[in-house]
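Chain letters run A, B, ... following the sequence lines, proteins first and then strands; every chain starts at 1. Quick caveat, the model's predicted, so the values are computed rather than measured.
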Protein chains: 2
Amino acid sequence: MTADQTERDHWLDGETKIADAPDKHGDETHLWLRLLTCTTLIETEIRRGLREEFDFTLPRFDLLAQLERAENGMVLGEISKRMMVSAGNLTALVERLVESGHITRTTSPSDRRVQIVTLTPFGHSAFGEMAERHRAWLNNLFSGVSAEERDVLLAALAKLKISVRQGLAQER
Amino acid sequence: MTADQTERDHWLDGETKIADAPDKHGDETHLWLRLLTCTTLIETEIRRGLREEFDFTLPRFDLLAQLERAENGMVLGEISKRMMVSAGNLTALVERLVESGHITRTTSPSDRRVQIVTLTPFGHSAFGEMAERHRAWLNNLFSGVSAEERDVLLAALAKLKISVRQGLAQER
DNA sequence: GGGAGAAAGTCTAGGCATAAAAATATGCGT
DNA sequence: ACGCATATTTTTATGCCTAGACTTTCTCCC
């Protein structure tokens with residue numbers, strides 16, 4: 001039992017880095033590490049689920065999620081912006097998804113620099129199944145947080161996001 | 001000006017994925033994407049700073065941060081747990097840090113399976129410089145969030161972390 | 001039209017990350 | 001002492017990711 005637990009419980013907390021530090025009021029580092037820990041724990045679990053249940057990766061899933069919401073396909077550059085990854089990264093990712101039959105890629109007739117990527121019917125249905133499980137996983141992971149607390153979190157993160165974007169913008 | 005802005009502002013929001021979706025009360029997916037967006041924005045900025053100012057990577061920095069807090073070095077497995085990365089990953093990471101002179105690695109005399117990694121004086125001072133800038137970057141990115149809001153966030157994330165760990169534990 | 005420059009994407013080199021299997025070392029029960 | 005399970009790390013096979021250089025294509029201005 002204990003041996004089984006260590007399998008998935010084997011990670012200590014990333015926060016342990018500074019957990020012993022004095023809990024200073026307004027310590028950004030502490031807050032950042034806690035944020036990072038939460039995100040990493042959730043993300044790792046989702047990656048694991050996708051891999052074990054669907055033999056799929058998170059970047060692939062994210063790309064399908066983008067296309068799912070675009071009626072007539074998407075341009076590569078647009079995908080890059082929305083997924084927050086470099087364009088160079090997408091070349092291989094798209095290539096593999098084309099090979100596996102989830103998407104198609106065509107050169108735009110009006111501008112031959114542009115590559116248009118669209119979901120195939122197979123890709124659409126595959127995404128549907130995965131998205132359903134994805135929601136269930138999140139539901140489970142968030143089940144210990146009440147709806148009110150979620151709203152608090154959502155609002156607090158909204159403020160943080162604005163703050164971060166301002167910080168990034170100012171830097172120039 | 002606009003051209004300059006797009007350089008660092010070029011990312012749309014990852015959240016845009018579902019931003020148009022009905023703002024259902026208690027939508028875990030929405031909350032998750034917002035969490036992920038905040039983390040990604042901050043993490044990307046930190047990676048950029050480390051690379052541009054110190055020609056360093058975040059995993060390297062994180063590893064030094066672990067060692068900084070361990071008086072007599074750390075065992076590889078312990079580092080793996082604390083950094084939440086696989087052991088196989090560390091082999092190359094440690095190798096490069098040894099080459100660059102930031103750390104040393106020795107085999108434990110009492111158990112020759114075990115590798116003990118310690119910070120060199122150079123590694124210690126290098127980390128100090130980077131950590132100072134690291135704090136400054138976070139300070140900037142969080143500057144739009146008041147101390148009270150930070151406390152709210154810290155507490156909400158604490159609850160989330162517990163929820164996530166429970167969800168992971170139950171799953172068996 | 002023709003060329004400068006911008007835009008879209010690809011290519012290359014390098015680093016980070018995992019899982020799964022293998023190598024090495026320890027240690028315990030008998 | 002022997003053998004087998006266990007613990008620690010490395011190796012191997014893949015995939016993700018970035019930056020920076022490069023190619024192709026388009027646009028705009030002359």
B:Leu50 CG to C:dG15 C1', straight-line distance once rounded to whole Å: 14 Å
By nearest-heavy-atom nucleotide on DNA chain D, the more 5' of A:Arg60 and A:Arg112 is A:Arg60
Considering every strand and a 4.0 Å limit on heavy-atom distances, what is the contact class for B:Thr91: base, sugar-phosphate, or nothing? base
Kindly write out the residues that satisfy side chain to side chain donor-acceptor pair (under 3.5 Å) with B:Arg51, not counting sequence neighbours, or none if the list is empty. none
For B:Arg47, salt bridge (Lys or Arg N to Asp or Glu O under 4.0 Å) partners two or more places apart: B:Glu43
Summarise how protein sits on nucleotides 2-7 of chain C as a single string, 5' to 3': B when a protein heavy atom is under 4.0 Å from the base, S for sugar-phosphate-only contact, - for no contact. -----B
Within this structure, what is the CD-to-C1' distance between A:Gln115 and D:dC26, rounded to whole angstrom? 15 Å
Mind jotting down which residue pairs meet the ring-ring contact (aromatic ring centres under 6.0 Å, His included) criterion with at least one end in residues 148-167 of chain B? Sequence neighbours excluded, please. none
side-chain contact (heavy atoms from CB on, under 4.5 Å) assessment of A:Leu157 paired with B:Leu153: CA-CA 8 Å; A:Leu157 289 172; B:Leu153 203 45; 4.0 Å; yes
May I have the distance from B:Asp111 (atom CG) to D:dT6 (atom P), rounded to whole angstrom? 17 Å
The remaining residues in the hydrophobic cluster of B:Val152, counting side-chain heavy-atom contacts under 4.5 Å among Ile, Leu, Val, Met, Phe, Trp and Tyr, are A:Val152
Closer than 3.5 angstrom, by distance alone: can the side chain of B:Thr107 be matched with the main-chain N or O of B:Gln115 as a donor-acceptor pair? no
Pairs involving residues 120-135 of chain A, ordered by first then second residue, that meet side-chain hydrogen bond (donor to acceptor under 3.5 Å, both in side chains) (sequence neighbours left out): A:Glu53-A:Arg133, A:Glu68-A:His124
Verify, without hydrogens or angle tests, whether A:Thr37 (side chain) and A:Leu33 (backbone) share a donor-acceptor contact under 3.5 angstrom. yes
Suppose we screen for side chain to side chain contact (heavy atoms under 4.5 Å, CB included). Which residues come up paired with A:Gln166, at least two apart in sequence or across chains? A:Ile162
How would you list all residue pairs meeting ring-ring contact (aromatic ring centres under 6.0 Å, His included) that involve residues 90-112 of chain B, not counting sequence neighbours? B:Phe56-B:His102, B:His102-B:Phe122
Per-pair distances, 0.1 Å, donor-acceptor, side chain in residues 91-99 of chain B, under 3.5 Å, sequence neighbours excluded:
none

Given C:dG9, D:dC26, D:dT9, which nucleotide is nearest the side-chain atoms of A:Val75? C:dG9
Using five pairs at each end of the helix from C:dG1-D:dC30 to C:dT30-D:dA1 to define an axis, what is the angle between those two axes, to 10°? 10°
Taking CG from A:Asp55 and P from C:dA20, how many angstroms apart are they, rounded to a whole number? 10 Å
Nearest-Å distance for atom pair CD/C1', residues B:Glu78 and D:dT9: 15 Å
Give a yes or no answer on whether the side chain of A:Ser163 reaches the backbone of B:Leu141 with a donor-acceptor pair at less than 3.5 Å. yes
Identify the pairs formed between an N or O of the protein and an N or O of nucleotides 17-21 of chain D at a distance under 3.5 Å, and give each distance.
unit_1	atom_1	unit_2	atom_2	d
D:dC17	OP2	A:Asn89	ND2	3.2
D:dC17	O5'	A:Asn89	ND2	3.1
D:dT18	OP2	A:Ser86	N	2.5
D:dT18	OP2	A:Ser86	OG	2.7
D:dA19	OP1	B:Arg51	NH2	2.9

Please list, in numerical order, the residues of residues 123-132 of chain B that have a heavy atom closer than 4.0 Å to any atom of DNA chain C. none
Distance, rounded to the nearest Å, where A:Glu52 contributes CD and C:dA19 contributes P: 9 Å
Please report the distance, rounded to the nearest Å, between CD in A:Glu95 and P in C:dG9. 15 Å
Measure from CG on B:Leu76 to C1' on C:dT24 and round the result to the nearest Å. 14 Å
So, the side chain of A:Glu149 versus the backbone of A:Ser146: is there a donor-acceptor pair under 3.5 Å, distance only? yes
Taking all non-hydrogen atoms of both residues, which atom of A:Ala158 and which atom of B:Arg34 are closest, and how far apart? CB-NH1, 3.3 Å
